Amino acid sequence: MIRHRLLAAAAVGLLTAVAALPGTAPAGPRRDGLRLCALHPLPLPAGVTHGRATAVDPTGRYVAGIGTRITDGVWEPVLLLWQGARVTAVDTALAEDVVGVNSAGVVIGNAYVTAMQRPWRYQDGRLTDLPVPGNVSGAWVAGINGRGDIVGHGAVEATGSSIALRWPADRPGTVETIDTPPDGAALAVLDDGTVVGNAQVSAGSSSYAGWVRRPGGQVVRLTVPGRPNAWVLAARGGWAAGTTGDDPDGDRSPVRWGLDTGKATAVDPAVEPVQDVTAGGVLLGLRAVWHADGVTPLPGAVAGFPDVQARAVTDTGTAVGWTTTDRLTPVRWTGC
């Protein structure tokens with residue numbers, strides 16, 4: 001289903017060790033001429049040869065991602081957690097999909113276990129499975145806030161639909177269903193408990209729109225006037241970011257919503273596909289950053305401009321991701 005593809009795009013032992021974007025048109029004065037946008041490789045632990053940085057907390061204190069350790073020709077996944085120059089590696093088969101980390105260093109992700117998609121949490125040196133409702137055939141986490149609340153969605157095989165889920169930090173070991181529009185999936189949870197996600201426009205509809213659910217239960221839809229589909233991919237502070245299109249499998253355009261008004265604004269196509277948004281409304285794309293006055297391409301690591309893939313951004317504008325040459329190198333970008 002389209003929401004799963006968008007979520008994936010937008011897809012234990014401990015060891016502690018110490019591109020230019022072609023053909024993009026800016027929306028205004030180019031910020032790369034005003035800023036010193038620089039790339040910095042992140043360190044890898046001994047024995048880990050490849051790495052991808054896939055999540056960063058809003059303050060930039062923690063970065064999380066996935067590494068690869070090759071032992072006797074066998075490629076083994078590793079959960080990576082950076083705090084400054086220090087990196088911790090957790091050897092676990094569950095390190096398939098690392099999607100979030102908060103300012104306390106709690107990491108969340110997903111893995112395929114015994115023929116079922118299962119979510120997990122890494123906290124205080126322990127990696128544990130998250131519970132799922134009995135009627136769910138597979139579950140995914142997608143977002144975590146500062147206090148540790150986690151949101152995601154579950155697939156209900158009996159109805160062929162999706163339900164939005166929350167794992168509350170103040171009730172460890174529990175999971176609850178979030179009341180949303182039909183076929184709902186939660187993508188992000190803000191620090192005040194507001195949850196943002198996607199769902200069908202109406203029961204039985206083939207069109208999708210975003211939604212915002214306030215702590216008091218009020219639900220507001222996020223749509224794009226004149227377009228049948230809109231999907232939220234990230235949210236933070238007073239902003240949500242995502243994409244809109246006429247066909248779920250066709251061309252899409254990036255968009256930003258103000259969560260206070262629900263108003264949608266088209267942004268420069270250079271940031272499609274959208275990856276993240278800051279509390280100030282700056283959008284991160286796969287290879288560029290969009291500000292209200294222009295676009296900054298993310299530079300590659302070496303001459304020749306290897307493939308660049310950004311995944312997450314802090315509220316101060318530091319982005320994380322990886323570059324691809326003869327290996328995957330985890331990196332962060334500053335000043336973009």
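All values reported here derive from a predicted model rather than from experimental measurement.
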Sorted by chain and residue number, the side chain to side chain donor-acceptor pair (under 3.5 Å) partners of Asn145 (sequence neighbours excluded) come out as Asp149

Please identify each residue that fulfils side chain to side chain donor-acceptor pair (under 3.5 Å) with Arg213, with sequence neighbours left out. none

Shared ILVMFWY cluster between [X] and [Y], side chains joined below 4.5 angstrom?
X      : Y      : answer
Val224 : Val196 : yes
Val48  : Val63  : yes
Val136 : Ile150 : yes
Val156 : Ile178 : no
Trp257 : Val195 : no

Value rounded to 0.5 Å, distance of [atom1] in [X] from [atom2] in [Y]:
X      : Y      : atom1 : atom2 : result
Tyr112 : Asp97  : OH    : CG    : 14.5 Å
Leu259 : Leu190 : CG    : CG    : 6.5 Å
Gln117 : Trp140 : CD    : CH2   : 5.5 Å
Leu80  : Thr68  : CG    : OG1   : 8.5 Å
Thr49  : Ile70  : OG1   : CD1   : 4.0 Å
Ile108 : Asn102 : CD1   : CG    : 8.5 Å

Under the salt bridge (Lys or Arg N to Asp or Glu O under 4.0 Å) definition, can you give me all pairs with a residue in residues 113-140, not counting sequence neighbours? none

pair [X]-[Y]: side-chain heavy atoms closer than 4.5 Å:
X      : Y      : result
Pro133 : Val175 : yes
Asn110 : Pro119 : yes
Val151 : Leu165 : no
Cys37  : Pro299 : yes
Leu79  : Leu94  : no
Leu298 : Leu284 : yes
Ile144 : Val107 : no
Leu286 : Gln275 : yes

Specify the closest pair of heavy atoms between [X] and [Y], including all atoms of both residues, with the distance to one decimal.
X      : Y      : answer
Leu42  : Arg332 : CD2-CD, 4.1 Å
Trp239 : Ala279 : CD1-O, 3.2 Å
Pro58  : Thr314 : O-CB, 3.4 Å
Val295 : Ala270 : CG1-CB, 3.9 Å
Thr194 : Val212 : CG2-CG1, 3.5 Å
Pro77  : Ala93  : CG-CA, 3.8 Å

Should Asp276 and Arg236 count as an ion pair when the cut-off is N to O under 4.0 Å? yes

Quick one, Arg311 with Val56, criterion side-chain contact (heavy atoms from CB on, under 4.5 Å). Give me CA distance, side-chain angles, the key distance, then yes/no. CA-CA 9 Å; Arg311 279 297 177 87; Val56 63; over 6 Å; no

Sequence-distant partners of Glu176, salt bridge (Lys or Arg N to Asp or Glu O under 4.0 Å), two or more places apart: Arg166, Arg171

With Tyr208 as reference, evaluate Asp183, Thr223, Asn229, Asn198 under the side-chain hydrogen bond (donor to acceptor under 3.5 Å, both in side chains) test and give the passing residue. Asp183

Could you verify whether a donor N or O on one side chain and an acceptor N or O on the other, from His40 and Thr334, lie under 3.5 Å apart? yes

Ignoring hydrogens and geometry beyond distance, is a side-chain donor-acceptor pair present between Thr324 and Gln309 at under 3.5 Å? no

Is there a donor-acceptor pair under 3.5 Å between the side chain of [X] and the backbone N or O of [Y]?
X      : Y      : answer
His50  : Arg327 : no
Gln83  : Leu81  : no
Arg256 : Gly281 : yes
Ser137 : Ala155 : yes

Contacts satisfying ring pair (Phe, Tyr, Trp, His ring centres under 6.0 Å) that involve residues 163-191 (not counting sequence neighbours) are none

Leu39/Thr323 under side-chain contact (heavy atoms from CB on, under 4.5 Å): CA gap, chis, key distance, verdict: CA-CA 10 Å; Leu39 181 148; Thr323 60; 3.9 Å; yes

Listing request: all side-chain hydrogen bond (donor to acceptor under 3.5 Å, both in side chains) pairs with a residue in residues 71-82, at least two apart in sequence or in separate chains. Thr71-Glu76

Is Asp170 atom CG crowded by more than 12 heavy atoms from other residues, nucleotides or ligands, each under 6.0 Å away? yes

Output, in order, the C-alpha distance, side-chain angles, deciding distance and verdict of side-chain contact (heavy atoms from CB on, under 4.5 Å) for Trp333 and Val289. CA-CA 10 Å; Trp333 291 270; Val289 178; over 6 Å; no

Go through Thr54 and Trp322 one step at a time and tell me if the side-chain contact (heavy atoms from CB on, under 4.5 Å) criterion holds. CA-CA 8 Å; Thr54 58; Trp322 67 91; 4.0 Å; yes

